[in-house]
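Here is the structure we will look at, set down as structure tokens.
From a predicted model like this one, the values you see are computed outputs, not experimental measurements. All chains are named by letter (A, B, ...) in the order of the sequence lines, taking the proteins before the strands, and each is independently numbered beginning at 1. All values below come from the heavy atoms of this structure, side chains included, with hydrogens, waters and symmetry mates left out.
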Protein chains: 2
Amino acid sequence: MKMTSQRQVILEELRKVTTHPTADEVYRMVQQRLPRVSLGTVYRNLEMLSQTGIIGKIESPGAPMRFDWNVAPHHHVRCQRCGRVGDLHLHLPETVPGMDAFLGVRDPKSGFVLTGYQVELVGLCRSCYDQMQVSPKDMD
Amino acid sequence: MKMTSQRQVILEELRKVTTHPTADEVYRMVQQRLPRVSLGTVYRNLEMLSQTGIIGKIESPGAPMRFDWNVAPHHHVRCQRCGRVGDLHLHLPETVPGMDAFLGVRDPKSGFVLTGYQVELVGLCRSCYDQMQVSPKDMD
DNA sequence: ATGCCTGCAAAGCCTTTGCATCTGC
DNA sequence: GCAGATGCAAAGGCTTTGCAGGCAT
């Protein structure tokens with residue numbers, strides 16, 4: 001993979017932030033420096049960079065994908081209210097004890113063989129938490 | 001919520017299968033009995049039925065939502081190859097020991113308060129498993 | 001010259017929504 | 001007659017893709 005200038009700028013911009021931006025947010029950041037860049041190029045490059053393990057991709061249901069320059073293993077929390085994603089620094093259990101014994105096992109009823117699992121964390125970012133304190137009726 | 005005939009048929013058709021169909025699959029099943037039903041109605045009713053807890057909704061990133069008549073708590077596995085979802089009958093750990101201690105806690109660095117977590121399981125359905133045995137190069 | 005990359009625009013996929021009409025109480 | 005539900009079609013949000021031209025080797 002050659003490091004074109006677009007690719008380089010995309011990577012640099014991503015590395016400036018800790019907010020796990022969406023493709024569109026990256027696009028807008030990159031646009032400041034490369035006004036003629038296209039959204040398609042941003043998508044293509046983010047995809048390529050994440051495929052090669054240079055950056056991370058964070059996917060969750062019903063929400064646009066987000067990207068992370070930090071590929072070291074760490075937990076993410078997604079705000080259940082606004083969708084923001086944060087890095088978790090609490091020391092959480094990394095694995096579910098006893099779960100690994102099930103990997104590779106075929107469930108007799110469904111016929112599925114288990115290959116992996118992951119723990120998804122949800123929470124409230126500071127501003128959403130504060131807003132909910134103010135108006136509890138906004139809860140859903 | 002009134003039980004219209006469309007709603008009733010949607011529920012009945014969903015209850016006939018164990019495949020966790022997508023909205024579109026439900027639509028096609030319902031169409032056999034109500035040829036003039038609309039996709040929008042199917043979406044609206046599936047949403048309403050799941051909001052009220054009569055059926056379950058299964059969401060995962062990059063895949064269409066799926067629905068489940070069985071609202072009793074149970075695990076799902078998603079086939080990493082074809083997206084099919086199965087019910088897991090293996091007796092898995094229900095919770096991550098020690099994790100609950102973190103609920104309600106604010107992570108100092110990110111500022112997020114943890115509110116919940118869930119374990120996602122991935123695997124291979126029988127037919128994808130078999131196909132991968134035949135042509136290992138299809139793996140990704 | 002070649003092969004990868006880009007900008008642009010269009011299409012794609014899934015889901016939601018506006019609106020006029022219809023239904024059942 | 002009214003509230004709520006429907007069919008239809010259009011729009012919406014996000015992502016991918018086809019294509020013609022560009023750039024570096």
Counting only heavy atoms not in Arg84(B), do more than 12 fall under 6.0 Å of its CZ? no
Tell me whether the side-chain N/O atoms of Tyr43(A) come closer than 4.0 Å to OP1 or OP2 in dT15(D). yes
Which is more 5' along DNA chain C, the nucleotide nearest Val37(A) or the one nearest Arg66(B)? Just name the residue. Val37(A)
Can you identify which nucleotide, out of dT15(D), dG7(D), dA5(D), has its nearest atom closest to the Met48(B) side chain? dA5(D)
Met99(A) to Val119(B) - nearest heavy-atom pair and separation: CE-CG1, 3.7 Å
Round to the nearest Å and state the distance from Arg7(A) atom CZ to dA24(D) atom P. 14 Å
For Gln6(A), answer base if it contacts any base atom (sugar-phosphate contacts may also be present), sugar-phosphate if it contacts only those atoms, and nothing otherwise; contact means non-hydrogen atoms under 4.0 Å. sugar-phosphate
Scanning both residues in full, the closest heavy-atom pair of Pro61(A) with Glu59(B) reads CB-CB, 3.6 Å
Closest of dC14(C), dA5(D), dT15(D) to the Lys2(B) side chain is dA5(D)
Would you mind telling me which residue lines up with the more 5' stretch of DNA chain D, Arg36(B) or Thr41(A), judged by nearest nucleotide? Arg36(B)
Could you tell me the separation between the CD atom of Gln31(B) and the C1' atom of dC8(D), rounded to a whole number of Å? 13 Å
Side chain of Leu39(B) (C-beta onward), nearest among dC5(C), dA5(D), dT15(C): dT15(C)
Checking all strands, does Asp24(A) fall into the base, sugar-phosphate, or nothing category for heavy-atom contacts under 4.0 angstrom? nothing
Look at Thr4(A) and dT6(C) and indicate whether a side-chain polar atom (N or O) is within less than 4.0 Å of OP1 or OP2. yes
When you measure from the side chain of Met65(B), which nucleotide among dT6(D), dT15(D), dT16(C) comes out closest? dT16(C)
For Arg44(B), report the nucleic acid contact type (base, sugar-phosphate, nothing); a contact means any heavy atom under 4.0 Å. base
Measure from NZ or CZ of Arg81(B) to the centre of the six-membered ring of Tyr129(B) and say whether it is under 6.0 Å with the direction within 45° of the ring axis. no
